[in-house]
2 protein chains.
Amino acid sequence: FTKLMNNVTDFTDKVKKLGKDDPRRITHSIKVGVTLALVSLLYYFSPVYGGFGSSTMWAILTVVVVFEFSVGATLGKGLNRAIATFLAGALGVGAHHLATLAGTEGEPILLGLFVFLLAAVASFSRFFPGIKARYDYGVLIFILTFSLVSVSGYREDKIIRLALHRFSTIIIGGLSCVVISIFVFPVWAGEDLHKLISLNIEKLGDFLQAFGGEYFENVDKDGLIPKDDKKTFLHLHGYKTILNSKTAEESFANFASWEPPHGRFGYRHPWKQYLKIGASTRHCAYRIEALSNCINNSQTQPLEFKKIVQKGCMEMSIESGKALKELSIAIKTMKHIPDSVLTHLKNSISAADNLKSSLRTATLENANIFDLIPAAKVTTLLIEVIGCIGNIVDSVNELSHLAKFKGAETTATLLDKPKPQLHREETLKSITVETTNHGNATHAVITVCALSTALESGILEDPLIL
Amino acid sequence: FTKLMNNVTDFTDKVKKLGKDDPRRITHSIKVGVTLALVSLLYYFSPVYGGFGSSTMWAILTVVVVFEFSVGATLGKGLNRAIATFLAGALGVGAHHLATLAGTEGEPILLGLFVFLLAAVASFSRFFPGIKARYDYGVLIFILTFSLVSVSGYREDKIIRLALHRFSTIIIGGLSCVVISIFVFPVWAGEDLHKLISLNIEKLGDFLQAFGGEYFENVDKDGLIPKDDKKTFLHLHGYKTILNSKTAEESFANFASWEPPHGRFGYRHPWKQYLKIGASTRHCAYRIEALSNCINNSQTQPLEFKKIVQKGCMEMSIESGKALKELSIAIKTMKHIPDSVLTHLKNSISAADNLKSSLRTATLENANIFDLIPAAKVTTLLIEVIGCIGNIVDSVNELSHLAKFKGAETTATLLDKPKPQLHREETLKSITVETTNHGNATHAVITVCALSTALESGILEDPLIL
């Protein structure tokens, strides 16, 4: 009996957790319940009061199938259903008319052939990735409606009336879903995507800020690190969800593209650009996965060489972490990339540069090669991570211009200002990039281009460093 | 006009490619068409011959919605639909009965309340990951049927007859889908999963076999590598699909769990174990992603240190690649892990060991530290990769025993044979592992355990190497 009680409390805990993690789940469930109860009562009264008759069933069916968690998903399914029903209904009536011309013997044969051909072709079309992603449900409804309408063995005028009844009840069901999902505690897939992308960048920043301390801690203290620090653990492992977030991002972006303008997101918001940012974030997460491996055995590694690179690596990881976290805030608040992001990124690059030149001159006499390797690996990985961050900044910058984030236009006036922080060669390179790719490039674009060019040419491809 | 023609040829090319990539897509489309045409004609004749009447519509609806690409998906949906319809139908009749007791005024209120409660609770249950994965469709149909049955404003005896009609037509539709998908050119999700897992391991092997040559080629030739070698390119980039294959693997495994025994896959085939292999394969792919970065700038890297590690690294990468490829063949043919896999893995480990000891003694006087770093990084990454391969072999070994692959039982007789290849300490460790974890462990298990123990203790955790 106690086992049963345990199971019950386990279950209620799970339910509570699901609700707490995302309270919108509870409101969504209530919304579905209310919509369905309302539409059901319509069905309940209709046989009494005449009207659409048993076609009202389709309103219930539509509500159950179309009502999804986010507005975009609901709208996408509703539109798919409405358009597919309309097209297939018209085609079905046509097919039925054509088949009756063939006489009583030819009719079933011709009808069977029509249904076969249409179902086969439509099923095959579902294998096209583009159709699969956006119109899969529409194709399904198309096949369904066509078969139902074309083979219904009624007289033609009755069919048309039936088709119209069904269509209007589907519209009623679909509209109630759409209206309720938009106006009652709406869940916007676009906002979820926006938050997910900025959260993922924040997670990378958390890792990088925590990494330096975690890896080099024992250099100073020479003791065991207290491992029960829950926050550090979260910071060091939060990035793992990014590795597999591609599917979630893609479905959010798909749903978001169905959504009307809402809140801070205007008409034709560049949702696809979020996928690009997601891809470069994921690329960075792969590097960080390699970096996180280095922490595991960091305590048993020799200290000599670690001490040499410590300052540079700490600075690289902390500065690049700060850059990412400020970038994440900029996305969250929909402001153009602030100068501080670029400053932190530049700091981390110059830390890398300094480390590079100090290592170029340093020759350890009689050094054991194997003592160098672990810390050397961390150094090169950190430099790679900084390169990836340059890509993330570039793609966020593109988003900022496409979506006209606050401040994205005004920075154009800064174009003619001198850029003393950059070296001559890098400035030249950045201007080449600008003239070829970004006709109306702003100061920020140039700086970013210069930074990533500096990364690519100055560090990543430099034969002496990597 | 030529533009239109180009579009048409583009389109036909795409269709041809889709069909060629997987001819089962064509047979699937034809199967759907045939099933639907047959069931539609049933509907066409039924109003003429009486019988189920307009309930036959539900047979068409079921076919359209339930017929999926693989047997597992079709069966899963069919069972979900049948069971949910039955349960919800019974519950709906009960709710209807209860509501009529409340009198004409209370009836609609009570019915609305019932529908609201059930829909809200059921919608919330869809957020449980376990239900979402396997019973999402069933819950949907449950809500749908309950609402339809409970609110239908008919007399009770008519409702029961209607519910039975609908249920039997749904069974007819569902059964035709299941029968045709199982007996006419069946597509088994389980087989797809099996193939995907072995293909992914093969891709990793391809990369490792090609990597050594690609990275060290310029050491001998000192020239540019001809980059138009299409096969090498494929080998070096094939692994990228593994990084995002988690979703595909999970849905295959979910579908496969619905499938009856078929072909080489018996009753209760351990599909979940495939997900474990998939996870360790993906872990290995993350390392390989880091390794593949090293190739890009390999030509501009200094040669001195590269020459020192070349032999060891080449051996590590080629031998571990061979191990993976033979492992992949063993999975494909469902044979127990052959000794050759272990031999290759051992060779790569001893190559790592040799490299380790040769590097321990080698001290480059006046060496520039930065000249060492790139090749040193490749060395450590390769060693990490070998560690990951140990995990893959372990999980495949588990599968081999769970699924009783050919030879998995007979190897038990080899248990008492001496194992001269392993060092005393490693053997001891492996025996400890065996007695604690694998009661009926076989020779192969011990060897594998010993190997991964050797990897973990001897190389990966050795303070002097990583």
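Residue numbers start from 1 in every chain, and the chains themselves are labelled A, B, ... in the order their sequence lines are given, proteins ahead of strands.
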Legend entry - Contacts of V15(B) that satisfy side-chain contact (heavy atoms from CB on, under 4.5 Å) - sequence neighbours left out: F124(A), F128(A), F11(B)
Inset, instruction - Could you tell me whether the side chain of R287(B) reaches within less than 4.5 Å of the side chain of N293(A), counting heavy atoms only? - result: yes
Inset, instruction - Go through the steps for L61(A) and L61(B) under the test side chain to side chain contact (heavy atoms under 4.5 Å, CB included), then give the verdict. - result: CA-CA 11 Å; L61(A) 208 150; L61(B) 208 151; 4.2 Å; yes
Legend entry - Partners meeting salt bridge (Lys or Arg N to Asp or Glu O under 4.0 Å) with K77(A) (sequence neighbours left out): E68(A)
Legend entry - Residue among S29(A), S123(A), A119(A) with most heavy-atom pairs under 4.5 Å to chain B: S29(A)
Legend entry - CG-CZ distance between L36(A) and F146(B), expressed to the nearest 0.5 angstrom: 10.0 Å
Inset, instruction - Tell me, out of V32(B), I60(B), I26(B), L38(B), who's got the most heavy-atom pairs with chain A below 4.5 Å. - result: I60(B)
Legend entry - Spatial distance of atom CH2 (W58(A)) from atom CG (L148(B)) [nearest 0.5 Å]: 10.0 Å
Inset, instruction - Identify which of P108(B), G112(B), P129(B), A290(B) forms the greatest number of heavy-atom pairs closer than 4.5 Å to chain A. - result: P108(B)
Legend entry - Interatomic spacing from CZ in R282(A) to CG in N244(B) - rounded to 0.5 Å: 6.0 Å
Legend entry - Option that, when pairs with chain A are counted at under 4.5 Å, heavy atom only, ranks first among I30(B), I143(B), V121(B): I30(B)
Inset, instruction - Could you tell me whether the side chain of H28(A) reaches within less than 4.5 Å of the side chain of R126(B), counting heavy atoms only? - result: no
Legend entry - salt_bridge(E384(A), K377(B)) N-O dist < 4.0 Å: yes
Legend entry - Polar contact flag, side-chain donor to acceptor under 3.5 angstrom, T247(A)-T247(B): yes
Inset, instruction - Could you tell me which portion of L243(B) (side chain, backbone, both or neither) has an atom closer than 4.5 angstrom to a non-hydrogen atom of chain A? - result: both
Inset, instruction - Could you pull out the closest heavy-atom pair between V34(B) and F116(A), with the gap in Å? - result: N-CD1, 3.4 Å
Legend entry - Side chain / backbone / both / neither for Y286(A) at chain B, heavy atoms under 4.5 Å: side chain
Inset, instruction - Look at K31(A), K14(A), R25(A), E107(A) and state which one has the largest set of heavy-atom pairs under 4.5 Å with chain B. - result: R25(A)
Inset, instruction - Measure across V115(A) and S40(B) and return the closest heavy-atom pair with its distance rounded to 0.1 Å. - result: CG1-OG, 3.7 Å
Legend entry - Residue among V64(A), D22(A), L118(A) with most heavy-atom pairs under 4.5 Å to chain B: V64(A)
Legend entry - Top contributor to chain B interface from S125(A), G19(A), A122(A), A37(A) [non-hydrogen pairs under 4.5 Å]: A37(A)
